[in-house]
Amino acid sequence: MPPPLLKRTLYTGTFVSTPTPTGLEILDNHALAVDGHGVITHRAAFPPGGAATGYDDVVGWVGRNWGWDGGFEWVRPGGEGRGWWFPGFVDTHIHASQYPNVGIFGKTTLLDWLNTYTFPIESSLSSLTKARRVYSACVSRTLSHGTTTASYYATKHVASTNLLADICLEKGQRAFIGRVCMDNDLNPDYLRDESPEQAVEDTKATIAHIDSIDPTHALITPIITPRFVPSCSSPLLSGLGALAKESALPIQTHLSENTSEIALVRRQFPAHDSYSHVYDTHGLLTPRTVLAHCVHLSLEERMLLKERKSKVSHCPVSNTSISSGLCPVRELLDDGIEVGLGTDVSGGYSSSILVAAREAAMVSRTLAALTVEDTRSDEKEGQWGAEASNDVAAKHSTSAKDRKKLSVEECLYLATKGGAKCLGLEGKVGGFEVGMQWDAQLVELDAVDGEGGADDGGDGDGGPVELWGMETWGEKVAKWLFCGDDRNTKKVFHSILLNGYATRKPGRAFEVIRKELERLDGGSPAYSYICVVNDQVVLRSPATFVHPTNHSSQMARRQQTEKPTQSIGIAWYRDMLRAPVPLHELDIAHANVRIHDLLCHSEGAIVLCDFTCSRPFGQDKPSATGSPESLGVNGPSHTILDITDRFALASVMFEVETGAKPDLTHAISPQNSQS
Ligand SMILES: O=c1[nH]c(=O)c2nc[nH]c2[nH]1
């Protein structure tokens, strides 16, 4: 096992999850221990001593109970009584390539929607420049909604599909990446595989790429992706079925979304019993197959899916947006079929799984409303129907209408554990049991004070859900499901792959940096130092800042005492190049990278610190870097950009290699200067 990469961390507070479809588990006043690999190792009721417990007491408690010494972080959310930890969401079906079209669908239905909107946008991702912009934005957006795992469709283009894998790895989202296969002449000639053989070869090329960037699939897994039966020839479906068998990789596709699509499949494959049967005879219905939609399955098809243990991705937002129909999820669940949730961007208008969970609840209620029941018993009960009954609860629990409705717990289960089961991640993500990964989000709602005025908890953007003080935990969670949005997801702990091993990092903290910088518009940030230590972002005022020398030594010092070997040097440079990426994704530059700002922490990785000079891209170079030496460090540009940091990092690399600072007089001479 590789060495631990994070400090052990103790998370305390309230932990909400859905260990079963019908049970909301609320662990109020609890502690969860997460080891250096991001795995939950212990959980127990906490404190000793309530909120006032100091670090020393906690160290003693953890030492006595779990045998830990004092070397751990302690993370506890603020927002007493209105915040909780929740498992990261799992999106089992999303087309990253369609992200620019989100919200655009007019009055189309599936087949004309594909021709009008979808094929053109996917075709445009043959451009790697465009693909980078689209995929970066999509992955950042889904992370901000709390999605820590996603099963993506890219496009038919190998290079940009591979880029999506790179971006998920870079940003730390657990992902399944599918290169979309579509070879028959129902596809437009501008977006069609040359031949079934070429489509399979191209799929293999993406698999090989993912194997090269994440050999153990710790974070990124290839997924075999025939677009859907109407797009694929029989030889292509067979080729992909054979590939799935030999590689044991998962499969994703669409099934029975729209009635015209089903009629088309019947014409294409008249000898087959059903749409599902076409996949089955080509070896594509397996326990690792995720079938999106399944709105109009016959009983025989449901039995076939159950027998094959194939999974269903329910995409309620898409199904209503492009008017495909209302998926009878209760029937699927009653049949024993595993179901997860998909946003299905951009058939779906939102990239949020919280919205998908909410719409799953709404679609199930619409189905309940459309259910015709024998109402004679209601008539006997008088004007208010069931209210006049002697046994209201019993009546409701047995009503066929009510059985169609999915509860809050069920919808959140589908959004987490249900999705994890669909993607073969059961026991790994989607919950807070010991042994699972800490893929988590911190949820916080807003409070209303005694006078009815909003108390935003101090950050000015408490989100759209107000708590009035009378809500039970179950009601708080229901309010979040039905009224919340990404402002309530304060932090997302997702994965980073370091030295081939996935660990967690808090993504939202960087948003604090961005907000602060935007608010001050280049002025002096209130947090004079924003330091990244062991992948934790630490905000400090000037008075309290100390270099975290107990965890880290400065690279400069290390470099003076021991010249790095070639392999250590390469690892340093790799870490150095990665270090500013989270900031650059927010269009912020560190703007003053020097050897003294690079810390070498105890496990040997290089981290970047001291963000005093950080500025949004496009601003003039800050005065703090105005000395000739600083200008040299930052390169010739007058404005701050990501290349500012890259130039500075290259200078540091030169310094590490040679022991001398580079002579930058040429680089900063006026003729080389650019704005
Ligand atoms: O919702 C959908 N989105 C798609 O891109 C697609 N392709 C085939 N069938 C599809 N359904």
Side-chain angles (χ1 to χ4, degrees), residues 91-125 134 138 150-157 160-161 164 177-188 190-193 199 223-233 236-237 240 251-265 268 275-276 278-279 284 289-297 312-327 340-351 356 359 363:
D91 188 340
T92 56
H93 185 85
I94 171 166
H95 295 259
S97 49
Q98 299 169 16
Y99 181 69
N101 275 357
V102 85
I104 305 174
F105 50 88
K107 289 188 177 176
T108 52
T109 50
L110 179 63
L111 300 180
D112 55 327
W113 170 80
L114 284 169
N115 283 316
T116 311
Y117 301 110
T118 305
F119 293 148
I121 189 76
E122 289 192 20
S123 164
S124 74
L125 295 201
V134 169
C138 178
S151 191
Y152 285 115
Y153 287 59
T155 59
K156 71 174 280 293
H157 313 102
S160 57
T161 300
L164 174 60
I177 305 290
R179 182 245 168 224
V180 179
C181 298
M182 43 198 295
D183 72 327
N184 69 18
D185 47 14
L186 288 178
N187 302 293
Y190 62 83
L191 190 70
R192 185 190 300 163
D193 287 314
I223 184 163
I224 293 167
T225 307
R227 176 166 213 124
F228 67 159
V229 169
S231 281
C232 299
S233 66
L236 174 56
L237 293 172
L240 295 175
I251 301 164
Q252 61 181 355
T253 189
H254 302 85
L255 174 63
S256 202
E257 177 176 3
N258 160 294
T259 48
S260 307
E261 170 208 17
I262 297 166
L264 185 55
V265 172
Q268 240 180 317
Y275 194 163
S276 305
V278 178
Y279 286 131
L284 290 164
T289 304
V290 182
L291 301 153
H293 305 299
C294 298
V295 176
H296 306 282
L297 295 182
V312 170
S313 172
H314 174 41
C315 305
V317 181
S318 167
N319 296 159
T320 40
S321 297
I322 55 173
S323 40
S324 300
L326 303 167
C327 179
L341 287 181
T343 56
D344 191 27
V345 163
S346 67
Y349 62 77
S350 169
S351 52
E359 287 306 305
V363 164

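Ligands are counted one by one from 1 in listed order, and the atoms in each one are counted from 1 as well.
- Counting only distance, with no hydrogens or angles, the side chain of S123 and the backbone of L191 share no donor-acceptor pair below 3.5 Å.
- The salt bridge (charged side-chain N to carboxylate O under 4.0 Å, His left out) check on E261 picks up nothing, with sequence neighbours excluded.
- Note: R192 CZ to M182 CE = 9.0 Å, rounded to the nearest 0.5 Å.
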Can you list every pair where an N/O of ligand 1 is under 3.5 Å from an N/O on the protein?
from     : atom 1 : to   : atom 2 : distance (Å)
ligand 1 : 1 (O)  : E257 : OE2    : 3.0
ligand 1 : 1 (O)  : H293 : NE2    : 3.3
ligand 1 : 1 (O)  : D344 : OD2    : 2.7
ligand 1 : 5 (O)  : H95  : NE2    : 3.4
ligand 1 : 5 (O)  : Q98  : NE2    : 2.9
ligand 1 : 5 (O)  : R227 : NH2    : 2.8
ligand 1 : 7 (N)  : R227 : NE     : 2.9
ligand 1 : 11 (N) : H254 : NE2    : 3.4
ligand 1 : 11 (N) : E257 : OE1    : 2.7

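- Of the residues listed (D183, D193, N184, D185), the one engaging S233 in a side-chain hydrogen bond (donor to acceptor under 3.5 Å, both in side chains) is D183, and it is the only one.
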Identify each donor-acceptor pair in which a side-chain atom of residues 100-109 lies under 3.5 Å from a protein atom, sequence neighbours left out, and give them as a table.
from : atom 1 : to   : atom 2 : distance (Å)
N101 : ND2    : Y117 : O      : 3.0
T108 : OG1    : F105 : O      : 2.6
T109 : OG1    : D112 : OD1    : 3.1

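- In this structure E257 satisfies the side chain to side chain donor-acceptor pair (under 3.5 Å) test together with H293, sequence neighbours excluded.
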